[in-house]
Amino acid sequence: MNRRKLLTLGAVALIASQWGTPVFAQQGVFKIASLNPITGAGSPYGTGMLKGAQMAVAEVNAAGGAGGAKIDMASEDSQTNPQAAVLAAKKLIEVQKVRAIIGTWSSGVSLAVIPITNDANVLLMHTSGAPALSVAPANAKKLGFRFQATNDRFGRAFAEIAKREKFKRPATMAFNNASGIGNTEGFRKSWTASGGTVVANVVYEPNRPSYRSELQEVLRGKPDVIVTGSYLADTTIILREWYQSGQPARWIIPGWAANGDLLKALGPDVTEGIISVESISAEDSPAYKSFADRFAKEAKMAAQDNVYAAMTYDEVIVLALAVQAVGPTAAADVLAKKVHEIGTPGGTVVNSFAEGKKLLAAGKRVTYHGASSALNFDEFNDVTPDFAASFVEKGKLVRKYVVKL
């Protein structure tokens with residue numbers, strides 16, 4: 001190597017160090033994309049999800065990248081809309097040439113996107129609940145990974161809470177999509193399996209100015225609790241109209257709908273006693289504590305207020321560990337098998353990318369315990385997190401207990 005070339009390489013290294021940019025062993029790039037709900041029904045969570053992913057990418061690259069490659073992440077807004085998400089996914093795959101898409105939120109979006117990622121041999125890591133995302137045809141190639149509980153598991157958690165609170169006459173109201181119906185069907189199956197009866201099951205259409213007729217159908221059964229599979233906008237209308245009806249009932253609502261925004265929209269009188277159910281992060285884990293401290297500083301919000309941010313963070317970390325193990329040019333099926341392995345028991349437990357990278361470089365097997373959960377992927381690449389039951393008391397959500405399935 002001549003003197004001029006040595007000087008040039010030295011100058012590059014000096015510039016990189018001055019600007020805080022890692023000098024990678026190989027000047028490769030592993031391209032991924034974050035497809036989050038920045039607008040639409042998922043907008044309360046999308047910006048935080050993107051920040052969680054960005055934090056993970058920065059962490060990986062600061063540690064020298066994965067398998068000698070820098071992680072380069074593009075981002076698009078899914079708009080919480082399947083049609084918009086499909087167009088964005090095609091752009092990311094065909095133009096940006098990404099190898100993985102992370103952070104899809106609603107079941108409708110993930111179900112629309114996964115055929116596209118499958119056809120392109122691209123991994124999809126999502127936070128959606130629809131059971132159909134576990135099995136063929138959606139996950140026939142096992143390239144999909146779920147970091148949220150399935151709707152069936154949510155339904156089981158709803159049923160456990162209803163039993164604990166000694167409700168006897170539940171009814172259900174479901175938004176007409178895979179997630180909404182999946183939640184209430186999961187509840188119904190669990191409730192009736194133990195000998196209970198559901199007094200009414202109503203499915204309603206989205207984007208309606210009023211749900212009075214559907215609500216009246218539910219209330220005719222005189223339920224003591226109404227379990228929903230719903231989103232924030234429709235939940236706001238339904239609860240307002242229920243309060244105006246004057247008929248007593250309690251509510252069990254998924255946490256993405258029964259959140260701080262709902263309390264602000266309706267006030268303490270309408271929302272008093274609502275039970276909000278949400279999967280929770282691994283709050284006692286070193287990975288969560290590290291993530292939460294950084295997220296509070298960078299996102300200016302509490303990690304506990306956006307459980308999906310920890311999920312997208314973990315999606316990037318476990319993907320990067322797999323790239324470190326098999327290399328950035330590995331085929332999608334090889335990469336997916338390694339993601340599954342790193343997300344299951346059997347290896348040395350690690351809580352960060354840098355820790356895992358060091359052990360992988362030494363030829364060790366690692367198991368990543370993340371900020372969102374210990375992962376522990378099942379045969380369908382699904383996780384089973386814990387659930388928090390939070391009750392609205394005087395306009396505030398108060399966590400009462402945790403449900404483990």
Item to check | Phe147 and Tyr313 aromatic centres sub-6.0 Å | outcome: no
Next on the checklist: In this structure, is the centre-to-centre distance between the rings of Phe387 and Phe154 below 6.0 Å?
Outcome noted: yes
Checklist entry - With sequence neighbours excluded, what pairs up with Glu76 under the salt bridge (charged side-chain N to carboxylate O under 4.0 Å, His left out) test? => result Lys91
Checklist entry - Is it the case that Arg156 places NZ or CZ above or below the six-membered ring of Phe187, under 6.0 angstrom from the centre and within 45 degrees of the axis? => result no
Checklist entry - Any chance NZ of Lys364 has more than 12 other-residue heavy atoms, nucleotides or ligands included, within less than 6.0 Å? => result no
Checklist entry - Taking it one step at a time, do Arg153 and Asp378 satisfy salt bridge (Lys or Arg N to Asp or Glu O under 4.0 Å)? => result CA-CA 13 Å; Arg153 290 178 171 100; Asp378 66 13; 3.2 Å; yes
Checklist entry - Roughly how far, to the nearest 0.5 Å, is the OG atom of Ser75 from the CD1 atom of Ile102? => result 10.0 Å
Item to check | SB check Glu393 Lys396 (cutoff 4.0 Å) | outcome: no
Would you list the atom pairs, donor with acceptor, under 3.5 Å between side chains in residues 262-280 and any protein atom, with sequence neighbours excluded?
| residue | atom | partner | partner atom | Å |
| --- | --- | --- | --- | --- |
| Thr271 | OG1 | Gly267 | O | 2.8 |
| Glu272 | OE1 | Lys394 | N | 2.7 |
| Ser276 | OG | Ala258 | O | 2.8 |
| Glu278 | OE2 | Tyr308 | OH | 3.2 |
| Ser279 | OG | Gln148 | OE1 | 2.6 |

Checklist entry - Ser128 and Ser110: side chain to side chain donor-acceptor pair (under 3.5 Å), yes or no, with the steps? => result CA-CA 7 Å; Ser128 306; Ser110 295; 2.6 Å; yes
Next on the checklist: Counting C-beta onward and ignoring hydrogens, is there a side-chain heavy-atom pair between Asn177 and Pro206 closer than 4.5 Å?
Outcome noted: no
Next on the checklist: Can you list everything that forms a ring-ring contact (aromatic ring centres under 6.0 Å, His included) with Phe30? Sequence neighbours excluded, please.
Outcome noted: none
Item to check | Asp382 side chain to Thr150 side chain, donor-acceptor N/O pair below 3.5 angstrom | outcome: no
Checklist entry - Just wondering, do Pro254 and Tyr231 contact through their side chains at under 4.5 Å, heavy atoms? => result no
Item to check | Student check: side-chain heavy atoms of Thr367 and Val350 closer than 4.5 Å | outcome: no
Checklist entry - Who are the side-chain contact (heavy atoms from CB on, under 4.5 Å) partners of Gln244, not counting sequence neighbours? => result Arg212, Arg240, Glu241
Checklist entry - Gln54 versus Glu298: any side-chain heavy-atom pair under 4.5 Å? => result no
Checklist entry - Hey, does Asn61 have a side-chain heavy atom less than 4.5 Å from the side chain of Met73? => result no
Next on the checklist: So for atom NZ, which belongs to Lys337, do other residues, nucleotides or ligands contribute more than 12 heavy atoms lying within a distance under 6.0 Å?
Outcome noted: no
Checklist entry - What are the two closest heavy atoms between Ala130 and Leu111, and how far apart are they? => result CB-CD1, 4.1 Å
Next on the checklist: Using a strict threshold of under 4.0 Å (side-chain N to carboxylate O), is an ion pair present between Asp333 and Lys142?
Outcome noted: no
Checklist entry - Looking only at heavy atoms, what is the nearest atom pair of Val383 and Leu375, with distance? => result CG1-O, 3.3 Å
Item to check | Between Asn36 and Ser34: side-chain donor-acceptor atoms closer than 3.5 Å | outcome: yes
Next on the checklist: With a 4.5 Å cut-off on side-chain heavy atoms, are Glu315 and Thr312 touching?
Outcome noted: yes
Checklist entry - What is the minimum heavy-atom distance between Ala149 and Arg146, and which atoms define it? => result C-CD, 4.1 Å
Checklist entry - Using a distance-only test with no angle check, is there a side-chain donor-acceptor pair under 3.5 angstrom linking Ser106 and Thr80? => result no
Checklist outcome for this item: For Ala138 and Ile114 the tightest heavy-atom approach is O-CD1, 3.3 Å
Next on the checklist: Tell me whether Glu214 is salt-bridged to Arg208, with the criterion being a basic N under 4.0 Å from an acidic carboxylate O.
Outcome noted: yes
Checklist entry - Would Asp305 and Tyr45 count as having a side-chain donor-acceptor pair, cut-off 3.5 Å? => result no
Next on the checklist: I want to check something: taking the side chain as every heavy atom from C-beta on, are Phe391 and Glu165 in contact at a cut-off of under 4.5 Å?
Outcome noted: yes
Next on the checklist: Would you compute the distance between atom CE of Met55 and atom NZ of Lys297 and round it to the nearest 0.5 angstrom?
Outcome noted: 10.0 Å
Next on the checklist: Against Lys338, only a single residue in Leu321, Val323, Val326 fulfils side chain to side chain contact (heavy atoms under 4.5 Å, CB included); can you say which?
Outcome noted: Val326
Next on the checklist: Is it the case that the side chain of Gln324 and the backbone of Gly67 share a donor-acceptor pair, with hydrogens and angles ignored and the cut-off at 3.5 Å?
Outcome noted: yes
Item to check | Backbone N/O of Ala63 and side chain of Lys357: donor-acceptor pair under 3.5 Å | outcome: yes
Checklist entry - Considering residues at least two apart in sequence or located in another chain, which fulfil the side-chain hydrogen bond (donor to acceptor under 3.5 Å, both in side chains) criterion with Asn351? => result none
Next on the checklist: Per the salt bridge (charged side-chain N to carboxylate O under 4.0 Å, His left out) rule, what does the pair list look like for residues 39-68, sequence neighbours excluded?
Outcome noted: Glu59-Arg294
Item to check | Pair Asp293-Tyr288, side chain to side chain donor-acceptor pair (under 3.5 Å): steps then yes or no | outcome: CA-CA 8 Å; Asp293 288 345; Tyr288 177 80; over 6 Å; no
Checklist entry - Do the side-chain N and O atoms of Ser134 and Asn139 include a donor-acceptor pair separated by under 3.5 angstrom? => result no
Next on the checklist: Looking at every heavy atom in both Ala336 and Leu123, which two are closest together, and how far apart are they?
Outcome noted: CA-CD2, 4.2 Å
Item to check | Derivation of the side-chain contact (heavy atoms from CB on, under 4.5 Å) call for Thr172 and Val198 | outcome: CA-CA 8 Å; Thr172 68; Val198 177; 4.2 Å; yes
Next on the checklist: With heavy-atom distances below 4.5 Å as the criterion, would you say the side chains of Ile252 and Thr228 are in contact?
Outcome noted: no
Item to check | Pair Tyr204, Asp234: side-chain N/O donor-acceptor within cut-off below 3.5 Å | outcome: yes
Next on the checklist: Under the criterion salt bridge (Lys or Arg N to Asp or Glu O under 4.0 Å), I'd like the reasoning laid out for Lys404 against Asp386: C-alpha separation, chi angles, the key distance, then a yes or no.
Outcome noted: CA-CA 5 Å; Lys404 295 179 181 288; Asp386 296 333; 2.7 Å; yes
Checklist outcome for this item: The single option from Asp119, Thr117, Asn118, Asn121 that satisfies side-chain hydrogen bond (donor to acceptor under 3.5 Å, both in side chains) with Lys141 is Asn121
Checklist entry - Should the pair Trp256 and Trp105 be assigned to parallel (<30°), tilted (30 to 60°) or perpendicular (>60°) ring geometry? => result perpendicular
Checklist outcome for this item: For Ser230 and Ala257, the nearest pair of non-hydrogen atoms, with its separation, is O-CB, 3.6 Å
Checklist entry - How many angstroms lie between atom CZ of Arg188 and atom CD1 of Ile181, to the nearest 0.5 angstrom? => result 11.5 Å
Next on the checklist: As an exercise, state the distance from CG of Leu319 to CE of Met125, rounded to the nearest 0.5 Å.
Outcome noted: 4.5 Å
